[in-house]
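Some notes on the structure that comes next.
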Amino acid sequence: MVNGEVVQLAVQPHRTLLEMLRYQLDLIGSKQGCDKGDCGACTVQIDGVPRLSCITLALHAEGREITTVEGLGAAHGGCHPLQDAFDRWDAAQCGFCTPGILMSAEALLRKVGGEVTRTQVREALAGNLCRCTGYTKIIDAVVDASRPQAAETDDTSATEEAAQ
Amino acid sequence: MSDEKREAWQIGKSHRKVDAMERMRGVTRYTDDIKLPGMLHGKIKRSPHPHARIVSIDVSKAMAMDGVFAVVTGADMPTPYGIIPWTPDETALCVEKALYVGDGVAAVAAIDEDTAIDALGAIEIEYEVLQPLFDPEESLAQSRDNPINPYARTGNLSKKVLLEFGDVEAALAKADLVVEGEYFFEGTTHAAIEPHCAVAHVEPNGLLTVWSATQVSHYLHRELAKVLEMPANRIRVIQPPLGGAFGGKSEPFDLEFCVAKLAQITGRPVKILYTREEVFYSHRGRHPMKMKYRTGFTADGKITGVDANTVLDGGAYSSFGLVTTYYSGQLLCAPYEFGAYRFLSRRAYTNKPACGPKRGHGSVQPRFSLEVQLDKAAVQLGLDPIELRRRNDMGAGAKTVNEFQIGSNGFLECLAKVEAASDWKTRRGSLPYGRGLGVAGSTYISGTNYPIYPNDMPQAAVQVCLDRSGRARVFSGANDIGQGSNTMLAVIVSEELGIPLDDIRVLSADTDLCPVDLGAYSSRITLMVGNACLQAAGKLRKKVCEAVAKRWEVSPKRVVLAQGMAIDGDDPERNVPSAQAFVWAEEDHGLLGEVGSYNTPKDRHGDYRGGTIGASPAYSFTAHVAEVDVDEETGVVDVKTIWVAHDCGRALSRRIVEGQMEGSAYMGFAEAIMEQHIVDPGHNGVHPGPSLLDYRIPTFVDTPELHSLIVEAHEAQGPYGAKEAGEGPLHPSIPAIANAIYDAVGVRMDTLPFSPPKVLAALEARRAAEAAGELAPHKGAARRTA
Ligand code: FES
Ligand code: FES
């Protein structure tokens with residue numbers, strides 16, 4: 001299962017999950033920053049747990065449920081509250097680390113099941129490197145998204161005000 | 001320009017970026033996400049020697065392999081090039097010699113990556129190994145006997161600059177205090193999370209398209225034309241969305257030439273993606289600098305003169321080194337008045353990956369030295385270090401000692417903001433041993449007054465078109481590298497034309513579609529491209545307002561474009577949607593499109609050789625206070641908080657500016673505490689850890705709390721008063737942390753990074769001096785107990 005759909009695929013035994021996703025399924029959202037388990041850009045969820053797909057063999061995914069960033073918004077009308085919060089906080093600069101960070105952050109929110117602290121965010125995301133943001137806005141966004149009704153309490157962007 | 005009385009409806013707000021949501025949804029196509037029919041994969045064979053003559057290359061075995069389509073070597077592209085036109089000292093692949101471990105020697109294109117890697121192994125290269133030089137001073141001494149770069153003109157001296165303003169020796173002689181210091185700034189690298197990648201495709205008629213993760217598409221375009229020996233109008237360069245750059249993608253790299261050549265030979269698209277290891281070896285990061293400083297002060301803390309002597313370790317090629325060498329001295333002359341100033345900077349070739357520009361190009365290293373010098377003076381003179389900086393502030397409209405014209409200047413407000421936010425006055429004196437606060441200031445350019453290659457054309461240009469559905473298209477050559485420049489342009493067009501950001505499409509960094517822009521470097525885009533965009537959008541606004549005014553039979557001055565409408569300013573009940581206003585304007589004028597361009601003022605720099613280098617239309621100012629906790633048992637420096645106050649003139653989009661400030665402060669912190677990009681002479685010039693694990697960069701857990709405090713000193717040269725925000729706020733992190741360490745435990749860290757072994761050694765030395773009665777215990781000996 002990849003993002004809720006059954007996928008049947010022939011893969012060479014030495015292929016990584018990241019290669020399978022990017023090259024065979026065209027799921028380009030998961031990024032390759034190092035290809036050796038150091039940066040976290042390739043983070044996906046396997047049965048709901050964040051994993052580095054660049055050091056996971058594709059065969060390991062057999063019979064499991066894989067969720068990538070492309071599947072993150074599925075249950076939320078295409079846009080997960082985390083994605084919305086990242087957008088409001090400008091938490092993605094280049095955005096290359098973002099898919100992996102979103103997958104780690106979603107697992108944190110699910111685990112805590114309520115408002116998270118800045119320290120919890122720092123610890124849960126310690127395996128995801130970001131070189132652009134200094135992490136501050138990412139922490140802001142994750143904490144924000146963990147609050148109930150994050151969508152209503154946002155300080156809306158000028159564009160949205162204009163549209164009303 | 002916008003009307004004075006019109007209230008900004010977008011400028012200064014926070015915005016969702018125009019292209020962020022698709023990045024978040026994982027559908028943005030970065031360069032490595034491009035997949036073309038029949039695409040081949042390329043790989044580059046790299047030298048295992050730091051210095052070697054290439055005797056012969058035999059590619060026949062590789063060529064004979066199944067799945068291998070082409071192999072190229074240096075002989076296929078022998079034209080030397082260089083990002084700085086005066087120093088063309090590199091070739092796409094090595095022709096005669098390999099100059100560092102990792103220098104590209106040959107490239108293959110094959111059916112897939114695995115085959116390409118196998119083919120590299122089948123290329124046979126015979127080298128004559130030469131003596132490598134790793135130390136810049138030794139290299140300078142051996143200029144004659146062992147010249148490194150075959151294209152260099154003056155042996156191993158890549159560039160030398162000596163400039164003196166006023167009589168420095170006299171200024172130091174009359175000083176009440178002369179602080180002397182020696183500093184060493186270890187080199188660091190950019191480590192953008194996206195590795196370099198390029199794809200090339202050739203049409204049957206020979207038209208070449210290169211997609212590249214570059215931050216300077218225009219310069220890449222020029223160099224491709226030169227090296228491939230084809231006219232620029234037969235080449236199209238596209239920069240797809242970029243995964244970070246920080247200066248690390250600001251010149252051509254071997255992979256761009258190789259994909260182009262291989263695509264030409266094979267007639268098929270070719271992609272090369274660097275491995276993380278290759279990213280480290282390609283480098284072009286911050287130069288290691290050895291700096292000797294003498295700074296004179298009056299008893300009340302005024303700087304009388306500064307004397308600087310700097311050796312830059314350039315690595316194997318010039319890169320931007322000519323400019324770096326100037327910047328290492330030229331960018332130091334604000335925000336403080338210097339009385340007199342002299343600097344001698346020499347850049348040496350060494351057999352290492354070439355150094356180049358990293359965020360805060362050339363000036364982060366000397367800024368570290370100077371700001372620590374100021375701190376030492378404050379201690380010796382018994383002055384508060386913030387107060388000492390205030391006393392030396394040059395103010396707005398000043399001329400620096402090296403004759404640069406400063407415009408707006410918010411430095412004092414920056415100092416005041418970090419002083420208040422950190423509760424400096426009450427806390428600094430009362431923090432226990434081990435805890436400390438440190439301050440530092442800096443300045444940076446908003447673009448350079450002169451482009452890299454001399455010409456009289458505009459430095460930036462933008463085209464804006466409106467259509468009858470109420471949308472705008474913005475064509476700009478500028479490279480959005482994640483810093484948000486596409487959104488900055490949309491915000492300006494939105495402000496001027498009254499349509500929401502969602503109705504603006506920005507097309508950028510495609511040399512076929514967009515006007516030329518010089519690229520994302522030297523913090524030039526907001527000021528230069530912003531001005532060009534404002535000019536184009538302003539012309540369109542005039543047309544739209546006139547068309548509406550004509551229908552309403554009022555003066556065009558009454559028509560306000562905002563909130564997705566054209567509104568009668570005197571009677572807001574009267575309004576029409578933007579689309580209607582654009583239709584009226586199109587009826588009157590035909591298709592609505594305007595261009596704007598920007599060129600720099602040419603009267604704001606020094607009248608001496610080199611006096612244009614480092615001169616900018618406007619300067620930003622920054623002050624940081626850092627708070628550290630130093631563990632005297634382990635030598636670990638835990639940076640708790642950095643307060644960052646930055647004068648950006650005007651924040652066009654607030655959160656984006658804050659993000660630049662935080663990202664900059666983070667990057668400075670990283671260099672201060674953990675980063676060092678080195679090769680190991682003991683292991684033949686090999687990088688000791690070319691990975692994101694061994695080259696330590698801070699994680700979420702390591703990074704301090706960063707508080708960004710925006711200061712806005714309106715700048716007449718900038719769009720809506722704006723100046724840069726992307727590089728200036730990096731500089732003070734490093735000296736502020738060094739100065740905080742001194743405040744915490746009484747040791748001076750004059751060599752980067754401030755790693756535990758160095759801190760421990762310094763603490764040992766201090767303890768020994770205290771035991772010998774040479775120094776009083778720091779902070780009254782109140783050592784904390786473990
Ligand atoms: S790409 Fe998987 S951890 Fe870096
Ligand atoms: S936003 Fe660029 S690496 Fe995180």
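These numbers come from a predicted model, not from an experiment. Just so it is clear: chains get the letters A, B, ... in the order the sequence lines come, proteins before strands, and each one is counted from 1.
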Q: Look at the side chain of A:Gln83 and the backbone N and O of B:Met24, then say whether any donor-acceptor pair between them is shorter than 3.5 Å.
A: yes
Under a 3.5 Å distance rule, please check whether B:Arg655 uses its side chain to pair with a backbone N or O of A:Lys137 as donor and acceptor.
no
The interface call for A:Lys36 against chain B, heavy-atom contacts under 4.5 Å, is side chain
One should read off an interatomic distance between B:Phe246 CZ and A:Cys132 SG, to the nearest 0.5 angstrom, of 3.5 Å
Sequence neighbours excluded, the answer for side-chain hydrogen bond (donor to acceptor under 3.5 Å, both in side chains) partners of A:Thr43 is A:Asn128
Turns out that what part of A:Leu27 lies under 4.5 Å from chain B's heavy atoms comes down to neither
Nearest heavy-atom contact between B:Phe700 and A:Leu125 is CD1-O, 3.0 Å
* I would like to know whether B:Lys35 and A:Asp26 meet salt bridge (Lys or Arg N to Asp or Glu O under 4.0 Å); could you show each step before the answer? => CA-CA 9 Å; B:Lys35 190 166 155 184; A:Asp26 283 334; 2.8 Å; yes
Discussion item. Pair A:His14, B:Asp114 - check side-chain contact (heavy atoms from CB on, under 4.5 Å), show working.
Written reply: CA-CA 11 Å; A:His14 68 282; B:Asp114 292 346; 3.7 Å; yes
- For the side chain of A:Arg122 and the backbone of B:Val701, is there at least one donor-acceptor N/O pair under 3.5 Å apart? no
*Any donor-acceptor N/O pair, A:Tyr135 side chain to B:Pro698 backbone, under 3.5 Å*: yes
If one checks every heavy atom of A:Thr98 against chain B at 4.5 Å, the contacting part turns out to be side chain
So that I can tick it off, tell me whether B:Arg654 and A:Asp90 are bridged by a salt bridge, with the cut-off set at under 4.0 angstrom between side-chain N and carboxylate O. no
Taken in chain and number order and not counting sequence neighbours, the residues that satisfy ring pair (Phe, Tyr, Trp, His ring centres under 6.0 Å) with A:His76 are A:His80
